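Note that the structure is a prediction, hence the values are computed from the model and not measured. Naming convention: chains lettered A, B, ... in sequence-line order (proteins, then strands); numbering from 1 in each chain.
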Amino acid sequence: MAEARITTRSKDYAQWYQDVLREAGLAEPAEVVRGCMVIKPHGYAIWEKMQSDLDRRFKATGHQNAYFPLLIPLSFLAKEAQHVEGFAMECAVVTHSGLKAADGKLTLKNELEEPYVVRPTSETIIGHFFAKWIDSYRDLPLLINQWANVMRWELRTRLFLRTGEFLWQEGHTAHATHAEAQEEVRRMLDVYRDFAHEVMALPVLQGVKTDNERFAGAVETTCIEAMMQDGKALQAGTSHDLGQNFGKAFNVTFQNEKGEREHVWQTSWGVSTRLVGAVVMAHSDDDGLVLPPRLAPIHVVIVPIWKSDAEKAATVDAARRIAKELGDDGLSVKVDDRDNLRPGDKYYEWERKGVPVRVEIGPRDLESRSVMIKRRIAPVDANGKAIKEKLAMEGLGVALGKVLDEFQRFLFERALQFRESNTITVDSWKEFCEVFAGEGSKFVYAHWDGTGETEKAIKEATKATIRCLPYPGQGPAAEPGVCIKTGKPSARRVLFAKNY
RNA sequence: CGGGGCGUGGCUCAGCUUGGUAGAGCGCACGGUUCGGGUCCGUGAAGUCGGUGGUUCAAAUCCACUCGCCCCGACCA
């Protein structure tokens, strides 16, 4: 039986999440810096995989990377009214330069004439530079992406899901027409959806945010929403139509073909290290981390099994040879030949760390030119024991590649099934309240009268919020009805859930 | 930022009420044994008891302040 290193999901979901992160070595609280985290090598490797795949997708859609300053003049933030209102409370501010030592204490030296804000997002400073770079319609569209860290002074933090500082990418684009900008918003939201589905094995719904949930300064915010294993929703990415709001605030203009001066139409879009938390919460189990192969820093761990020294030499040798071959087949492989641990210990350890497939090589396997493999999540036999599979050493790389592809697909299908079996349509306020009573959550499609007041009232009563107005085909077909709370007319159902 | 809980070797925690200078299990190191799902035995290393200040002959223990983490709420990716 497994040791109780990891709290079970049913006992305490939040504790389970933290235990999984700790036992897999993904991250830990920074402890000396409030609300911030240390992303440990295994966790950072997952982020790097996300980055490289996303970066490829951004380049394929015509974007270029650039980098803007971490510090933003305070005055910039004030130029867009909605924007400043949304971010004012969570800004960290730099007010001084230099330190002086006196009586063994350090004190602040020079007060800055104009303080800087540590970027909570970069719309403003990028707006400033876009104004310098854009002069003609020939300069458009301007398609920029930035990989960066940002800081938001959060009052309550959770590793990866919400931290004071986090890593992300922010796309910023400028276009000649609103229609082009809107296309861009949708294009990148589709990039995010495809990435979530294909790489994270995470099914997401696309939709539009309500006024209450819209990005501060945007005309429209779109999002991808995923369901976690406790039925709560997690916003996994956003893509904003900024209209001409920042164009006007920062005087970003261009001359059109007729020689007329116009403000540009802008977009911004981003995903963050929160995605690492999403992947953990979506796939992991009570034994620890479960990773989709396409994000796994290690695809395959090989555990040689021996009794005698001769057997050790033979199995370790075979393990290394096979690892080399698998590496040539493009797989990331780790040979665990530590002699201070018994095989069972190694099995549990690599399972906690989320390695998708384990390969065992023992004397009997050498004999038969085969290996035993075990998937991170495997079917069980009649006795409840996980089933291992026997594969020939010949062509193992190809066979394992197939296993990994299957596992990737399996995780997606499983997450999709989970979401579908926890998605319901509700038409009575009483039933709506019952669904969200206690800790639980589901995805609930219900009618809403379209007002922010009603949305807030529903949240106050149930803790459920409108996650999005799903795009056509991504929720129930639009049919008129009456608001679940007020009974007023409603054109369509929207998606409700508790959220992270 | 409000309410609650908690900070003692890497992890989980005992000790605190009734002050006397720190313990257990797991992990770790070494030796042996074992090795196809968490062997067993022995030896050993490791802790400014979150921090600062106070009370006291004496503080992990009492008091004040402070930092951090976790949970609930409000705010947010």
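Between B/C70 and B/A24, the distance separating the two P atoms is 30 Å to the nearest Å. Atom C1' of B/A29 sits at a distance of 22 Å from the matching atom of B/A22, rounded to the whole Å. Nucleotides B/G19 and B/C62 are separated by 9 Å at their P atoms, to the nearest Å. Nucleotides B/C26 and B/C71, compared at atom C1', are 26 Å apart to the nearest Å. Comparing the P positions of B/G10 and B/G54 gives an interatomic distance of 29 Å, to the nearest angstrom. Distance check on atom P: B/A46 versus B/G9 gives 15 Å, rounded to whole Å. Using atom C1' as the reference point in both B/C75 and B/U61, the two lie 39 Å apart (nearest Å). Of the C1' atoms belonging to B/G50 and B/C69, the separation is 10 Å, rounded to the nearest Å.
Between A/P29 and A/N499, the residue whose closest nucleotide on RNA chain B is further toward the 5' end is A/P29. Where A/G86 and A/E349 each meet RNA chain B at their nearest nucleotide, the meeting point lying more 5' is that of A/E349.
Counting any heavy atom pair closer than 4.0 Å across all strands shown, A/T238 reaches no nucleic acid atom. Using a 4.0 Å heavy-atom distance criterion, A/K463 is classed as a sugar-phosphate-only contact. Using a 4.0 Å heavy-atom cutoff across all strands shown, A/A14 reaches sugar-phosphate atoms only and no base atom. Residue-level contact check: A/E90 touches the backbone only, with heavy atoms under 4.0 Å from sugar-phosphate atoms and none from bases. Using a 4.0 Å heavy-atom cutoff across all strands shown, A/G164 reaches no nucleic acid atom at all. Base engagement by A/L161 is indicated by at least one non-hydrogen atom pair under 4.0 Å involving a base atom. Residue-level contact check: A/T465 touches neither bases nor backbone, having no heavy atom under 4.0 Å from any strand.
For the residue pair A/T221 and A/H240, a side-chain donor N or O sits within less than 3.5 Å of a side-chain acceptor on the partner. Between the side chains of A/Q206 and A/D190, at least one donor N or O lies within less than 3.5 Å of an accepting N or O. Looking at A/R119 and A/T121, their side chains never bring a donor and an acceptor atom within 3.5 Å of each other.
In this structure, A/K49 does not pair ionically with A/D53, as no charged nitrogen and carboxylate oxygen lie closer than 4.0 Å.
Relative to the six-membered ring of A/F443, A/R467 misses at least one condition, a distance below 6.0 Å or an angle of at most 45° to the axis. Annotation: cation-pi pair A/K485/A/W448 absent, no NZ/CZ under 6.0 Å from the ring centroid and within 45° of its normal.
The nearest whole Å value for the distance from the CD atom in A/E154 to the P atom in B/C69 is 13 Å. With rounding to whole Å, A/L159 atom CG is found 13 Å from B/G68 atom C1'. In this structure, A/Y500 places its OH atom 10 Å from P of B/C71, rounding to the nearest Å. Here B/C70 presents its P atom at 13 Å from CG of A/D12, a figure rounded to the nearest Å. Rounded to whole Å, atom P of B/A74 lies 13 Å from atom NZ of A/K456. Whole-Å rounding puts the A/L21 CG to B/C70 P distance at 11 Å. Note: CD (A/E23) to P (B/C26) measures 16 Å, nearest angstrom. A/K11 places its NZ atom 13 Å from the P atom of B/U12, with the value rounded to the nearest Å.
A 3.5 Å limit on both hydrogen-bonding distances identifies B/G73 as the Watson-Crick or G-U partner of B/C1. The partner of B/C30 is B/G42, judged by Watson-Crick or G-U wobble contacts that both fall below 3.5 Å. Under the Watson-Crick and G-U wobble criteria, each requiring two contacts below 3.5 Å, nucleotide B/A64 is paired to B/U52. Across all strands shown, B/G25 forms a Watson-Crick or G-U wobble pair with B/C11, both key distances being under 3.5 Å. The nucleotide B/G19 finds no pairing partner, because no Watson-Crick or G-U wobble arrangement with both distances shorter than 3.5 Å includes it.
Separation of atoms NE2 (A/H83) and CD (A/E85) is listed at 12.0 Å; rounding is to 0.5 Å.
Of the residues in residues 208-229 of chain A, not one comes within less than 4.0 Å of RNA chain B through any heavy atom.
Below 30°, between 30° and 60°, or above 60°: for A/F407 and A/F410 the angle between ring planes is below 30°, a parallel geometry.
A donor-acceptor pair under 3.5 Å links the side-chain atoms of A/H283 to the main chain of A/M200, judged by distance alone. Of the possible polar contacts, one joining the A/Y17 side chain to the A/L159 backbone as a donor-acceptor pair under 3.5 Å is found.
Under the side chain to side chain contact (heavy atoms under 4.5 Å, CB included) criterion, A/P120 pairs with A/F87, A/C91, A/V117, A/R152, not counting sequence neighbours. Under the side chain to side chain contact (heavy atoms under 4.5 Å, CB included) criterion, A/D345 pairs with A/L341, A/R342, not counting sequence neighbours.
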Heteroatom pairs (N/O) under 3.5 angstrom, protein to nucleotides 1-5 of chain B:
from	atom 1	to	atom 2	distance (Å)
B/C1	N4	A/L155	O	3.1

Just the atom pairs and distances: protein N or O near nucleotides 32-37 of chain B's N or O, under 3.5 Å.
from	atom 1	to	atom 2	distance (Å)
B/U34	O2	A/R342	NE	3.3
B/C35	O2'	A/W306	O	3.1
B/G36	N7	A/R364	NH1	3.1
B/G36	N7	A/R364	NH2	3.4
B/G36	O6	A/P363	N	3.3
B/G36	O6	A/R364	N	2.7
B/G36	O6	A/D365	N	3.4
B/G36	N1	A/G362	N	3.4
B/G36	N1	A/D365	OD2	2.4
B/G36	N2	A/D365	OD2	2.8
B/G37	N7	A/K388	NZ	3.3
B/G37	O6	A/E351	OE2	3.3
B/G37	O6	A/R358	NH1	3.4
B/G37	O6	A/R358	NH2	2.7
B/G37	N1	A/E351	OE1	3.4
B/G37	N1	A/E351	OE2	2.8
B/G37	N2	A/E351	OE1	2.9

**Request:** In sequence, state the C-alpha distance, the side-chain angles, and the governing distance for A/E455 and A/K459, and then conclude on salt bridge (Lys or Arg N to Asp or Glu O under 4.0 Å).
**Result:** CA-CA 6 Å; A/E455 185 181 10; A/K459 180 180 181 182; over 6 Å; no
**Request:** Test salt bridge (Lys or Arg N to Asp or Glu O under 4.0 Å) on A/K209 and A/E225 and set out the steps.
**Result:** CA-CA 10 Å; A/K209 286 294 191 188; A/E225 295 281 331; 2.7 Å; yes
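Residues in residues 305-316 of chain A take part in these side chain to side chain donor-acceptor pair (under 3.5 Å) pairs, two or more places apart or across chains: A/K312-A/D339.
Checking the phosphate oxygens (OP1, OP2) of B/G10, no side-chain nitrogen or oxygen of A/R22 falls inside 4.0 Å. Taking side-chain N and O atoms only, A/Q18 has a distance below 4.0 Å to OP1 or OP2 of B/C71.
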